[in-house]
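Down below is the structure, laid out as structure tokens.
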Amino acid sequence: MSVDTKNKERVFIGPVSEFEKEGGVSAKVGEKQIAIFYFESRNEWYACDNACPHTGDMVLSRGYLGDTNGDPKVVCPLHKRNYSLTSGECLSGENYKVNLYPVIVENGSVYLEVDPSITGNKG
Ligand code: FES
């Protein structure tokens with residue numbers, strides 16, 4: 001994972017039971033929309049910006065999940081650009097990138113770790 005976890009703020013998102021298996025949901029954290037993905041088959045969680053960098057539309061939480069050579073990715077539902085969920089890079093040959101956020105699952109609850117600038121808290 002290439003996600004920086006230093007100086008982050010933990011934000012409760014919801015109980016695991018409210019997340020779609022093998023799919024995504026969007027959550028608003030501060031002014032930012034974040035897409036959270038639950039790969040139940042891999043028992044893995046990932047989160048990235050909900051905005052697709054191609055157009056800025058808030059659609060990635062409705063994207064398709066998959067992998068490229070084992071690397072998990074989300075496929076934008078609009079124009080099918082692929083984004084790695086471990087690097088954030090566009091796998092479709094373009095210079096787009098999405099921000100990634102660490103997902104913590106503890107005692108049946110899902111949390112994101114985000115920069116305090118996102119929540120508006122000074123820390
Ligand atoms: S809006 Fe995502 S690929 Fe075009």
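Counting starts at 1 for both ligands and their atoms, following the listed order.
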Under 4.0 Å from ligand 1, counting heavy atoms only, is it the side chain of L78, its backbone, both or neither? side chain
Anything under 30° is parallel, anything over 60° is perpendicular, the rest tilted; go ahead and classify F19 against W45. perpendicular
Minimum heavy-atom separation for V98 and P53, please, with both atom names. CG1-CD, 3.5 Å
Centroid-centroid under 6.0 Å between Y111 and F12 rings: yes
Is there a chain of hydrophobic side chains (I, L, V, M, F, W, Y, each step under 4.5 Å between heavy atoms) that links Y101 to V105? yes
Just wondering, is there an N, O or S atom on H54 that's nearer than 2.8 Å to atom 4 (Fe) of ligand 1? yes
Within 2.8 Å of atom 4 (Fe) of ligand 1, is there any N, O or S atom belonging to H79? yes
Show me which atoms of ligand 1 lie under 4.0 Å from any heavy atom of C76. 1 (S), 2 (Fe), 3 (S)
Tell me: protein heavy atom nearest atom 1 (S) of ligand 1, and distance? T55 OG1, 3.2 Å
Near R81, which atoms of ligand 1 are under 4.0 Å from a heavy atom of that residue? 3 (S), 4 (Fe)
For the CG atom of L100 and the CG atom of D49, what is their distance to the nearest 0.5 Å? 8.0 Å
Between D67 and K73, does at least one N-O distance fall below 4.0 Å, as a salt bridge requires? no
Number the atoms of ligand 1 from 1 as they appear, then name those within less than 4.0 Å of a heavy atom of C52, with their elements. 1 (S), 2 (Fe), 3 (S)
